[in-house]
There are 2 protein chains.
Amino acid sequence: MAREQAYHHGALREALLEAGDMVLAERGLKDFTLRECARRAGVSHSAPKHHFGDAAGFLTQIAARGFDRLRESLETRLAAARDLDEEFAETTRAYVGFAEANPEHFRIMFRCDLLHDMDETLVRAAQRTFTVLTNVIRRQRGEPEITLEELNGAFSFAALLEDTLIGWCHIHGFAHLKMERQLRIVPDQDFESLLTRTSARVGRMMRPSS
Amino acid sequence: MAREQAYHHGALREALLEAGDMVLAERGLKDFTLRECARRAGVSHSAPKHHFGDAAGFLTQIAARGFDRLRESLETRLAAARDLDEEFAETTRAYVGFAEANPEHFRIMFRCDLLHDMDETLVRAAQRTFTVLTNVIRRQRGEPEITLEELNGAFSFAALLEDTLIGWCHIHGFAHLKMERQLRIVPDQDFESLLTRTSARVGRMMRPSS
DNA sequence: TCCTCTATCTTGACAGTGCAAAGATTCTCG
DNA sequence: CGAGAATCTTTGCACTGTCAAGATAGAGGA
């Protein structure tokens, strides 16, 4: 269908999600409104209700798409890394880069109070992203990759969990603090170098060889 | 004055801030409203304007008080640490504990888009907190403490800045991820142990002796 | 004491919001 | 072809932040 001006939109759900991405990026989470999204999709202000329930339901799907985009970005950037030394730093760069390029998406992705945080789509999207990060750590540790399904039972291995936590906390903390302007102490011209050096050190500390 | 029912409240500014702390904690950042704060303070809905300007001005002061409370909590908990091994872990515990005990304050403290993030009171409060963290790292490194004033010029020393970044990213990332329910992979009964072990490792990596 | 100026607080109005109920239109499938 | 389900609109409500205008109280000088 998908014809213009029809009573039944045909692809309203997808159109609303794309409008939502635009509104979120342009107006920010602060001024994000369902009604503006509906206006951009060309429908009445309560059309979203049928597809998403309430605002939290809508934001949940937008957040899930955010995790998908973050995962894609990480995977793309990782494919280009040449050695272990570079890989962990590149992961940090990609994660921080996503947060800085999409601050409003990053904000909603990590606001469990605004989302249906047990929604299956959201949880799966976040888990898939987390799996990419875990495999980065596994390569640092000299272990083979692992699938999402294997991962859900694999964390009886405390050593891997420790390293994974250390890695994710470093990456996420870096991204969040930078995005929310709490790293003003770091001069702009030194930022890239500091990210690389600190990330390389954190990555190296979980490698068995050194 | 501070008498009840007076036209001039006498201490309205402080009363509004305390009401704001209550409303934020009870209703959450999601449902925080100026009007509810005014109601609790017993004044009209636009009384806050004279003292704080707009909503961002009000939230800025609440966030600054949040940083003060976080700093006080860190200082208190640090005073009890017995050795370096424990000190960094205890810092993490205190920071994570604050985020979990005051999630809504933590959220507003790190939302630069909702605050006047260059406000002097806010910046100073955040800097004082950051100074406490920096001194934790300095003790790990075997260096003497530093004041806020000295700190603002001290970061030509790249090595200290590196360690400080690593430490803060670890602590903050841990707290933020935990508070926003993104550490579901960590079983509850293992959480305390993992926090202690990962933090001790991160602290140890910046000590010259090992 | 009185009087003006300023700080403080109230009142009323406005555009905008999310949500819910009820109605309208279109699609689907027997 | 016709009934029921799916999809979208209309209307109404309580609530919000901000603004403009007015009311009240305190402070300091004559």
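When reading the values below, keep in mind they use all heavy atoms of this one structure, side chains included, and skip hydrogens, waters and symmetry mates. The sequence lines fix the lettering, A, B, ..., with proteins before strands; numbering per chain opens at 1.
- Closest approach to the A55(B) side chain among dT10(C), dT8(C), dG17(D) is made by dG17(D) (side chain taken as heavy atoms from C-beta onward).
- Here the side chain of H51(A) is nearest to one of dG18(C), dC8(D), dT11(C), namely dC8(D).
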- Readout for nucleotides 11-16 of chain D: B = base within 4.0 Å of protein heavy atom, S = sugar-phosphate only, - = neither; 5' to 3' it is BB---S
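- Taking atom CZ of R13(B) as the reference point, atom P of dC9(C) lies 12 Å away to the nearest angstrom.
- F58(A) has its CZ atom 12 Å from the P atom of dC19(C), to the nearest Å.
- Rounded to a whole Å, the NE2 atom of H50(A) is 16 Å from the P atom of dT26(C).
- One finds no salt bridge joining E145(B) and R138(B) here, because no Lys/Arg side-chain nitrogen approaches an Asp/Glu carboxylate oxygen to under 4.0 Å.
- Between the CG atom of D31(A) and the C1' atom of dT18(D) there is a distance of 13 Å, given to the nearest Å.
- Per the geometry, CD belonging to E14(B) stands 17 Å off C1' belonging to dT8(C), to the nearest Å.
- If you measure from atom NZ of K30(A) to atom C1' of dG17(D), you get 11 Å, rounded to the nearest angstrom.
- Taking the ring centroids of F106(A) and H172(A), they lie under the 6.0 Å cut-off.
- The listed nucleotides are dC19(D), dT10(D), dC19(C); the one nearest the side chain of K49(B) is dC19(D).
- Taking 4.0 Å as the cut-off between side-chain N and carboxylate O, E14(B) and R65(B) count as a salt-bridged pair.
- For the pair K49(A) and D54(A), the salt-bridge criterion is not met [side-chain N within less than 4.0 Å of a carboxylate O].
- The separation between L114(B) atom CG and dG17(D) atom P is 13 Å, rounded to whole Å.
- To the nearest 0.5 angstrom, I185(A) atom CD1 is 9.5 Å from L165(B) atom CG.
- Taking 4.0 Å as the cut-off between side-chain N and carboxylate O, R93(A) and E90(A) count as a salt-bridged pair.
- Rounded to whole Å, the distance from CG on L12(A) to C1' on dT9(D) is 12 Å.
- Salt bridge R201(A)/D163(B): present, at least one basic N to carboxylate O contact under 4.0 Å.
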